[in-house]
Amino acid sequence: MSKTVIAEIESLYDRQGHRRYGLESISQLEHALQTAARAEAESEPAPFIAAALLHDIGQMIAGLGENPAEDGIDNLHEQVGAAWLRERFGEAVCEPVRLHVAAKRYLCATEPAYAASLAPDSVLSLFLQGGPMRDREIAGFLAQPYAQDAVRLRRHDDRAKVPNAQVPPLDHFLACVEALGNERR
Ligand SMILES: [Fe+2]
C-alpha cells in the first residue's frame, strides 16, 4: 500500500480519532485498535486485520458527530467507509467493512443471545439500520462472498469497547496495512 494512503489514514485518526465512540467511554482510535488487536490475536489474515482497523473509518469521514443515532440519524458509515476504501484497497478489505452493519442485523435475527448482548448505542442504531434481518434477506446476505468475514468482524467489533485496554499502537497496524501491497482491483 502506498505511503500516501498510510498518511491519509494517519491524518484521519490524528484529526478525528480522539472522538468518542458512540456512547462508550472509549475513543474511535481505541475502538479501531482494539478491533484490529482482536483480529490479530485470532490469527486473521492481513487484509482482514486491515478491515478490522478501518471498519468504522466512515464514522470519521461522515463527520456526523459522535453518536448520530441519538438524533435519529443513520450516517450509513459502512457505505461511506467502504466507498473510501474501495478507491484504495481490494475486496478483502472493503467488503467486510461494507457488510459489517448487515452482519449485525443478521446476527440479531439468528442469535437471540447476540441481540441481547448488544451495547445500548448499537441497539439504538440497529433500528435506524433496518432492525434485525427479515427471513427473506438472510439468504441474500449469506450469498455474498465476504458475509462470513463480516460476521467475524462484527464479533470482534462488539468486543472492542473496553476502557483502557492495552493494545499495540496505530503504527503497528499501519505497518500491516502498508505490507498489504496494492491489491485494488
Ligand atoms: Fe465498530
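Atom set for the values below is all heavy atoms of this structure, side chains included, hydrogens, waters and symmetry mates excluded. Note that ligands are numbered from 1 as they come in the structure, with each ligand's atoms numbered from 1 the same way.
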- Identify, with sequence neighbours excluded, every residue that meets side chain to side chain contact (heavy atoms under 4.5 Å, CB included) alongside P112. none
- Identify the residue among E8, E10, E178 that makes a salt bridge (charged side-chain N to carboxylate O under 4.0 Å, His left out) with K3. E178
- Query: Taking the N/O/S atoms of H31 one by one, which is nearest to the Fe ion (ligand 1)?
  - Reply: NE2
- Note on the structure: the Fe ion (ligand 1) -> D56, closest N, O or S atom is OD2
- Which pairs with one or both residues in residues 126-136 pass side-chain hydrogen bond (donor to acceptor under 3.5 Å, both in side chains), sequence neighbours excluded? K104-Q129, R134-E137
- Here the vertex angle at the Fe ion (ligand 1) for OD1 of D157 and NE2 of H55, given to 10°, is 100°
- Shortest non-hydrogen contact from L12 toward M60: O-SD, 4.0 Å
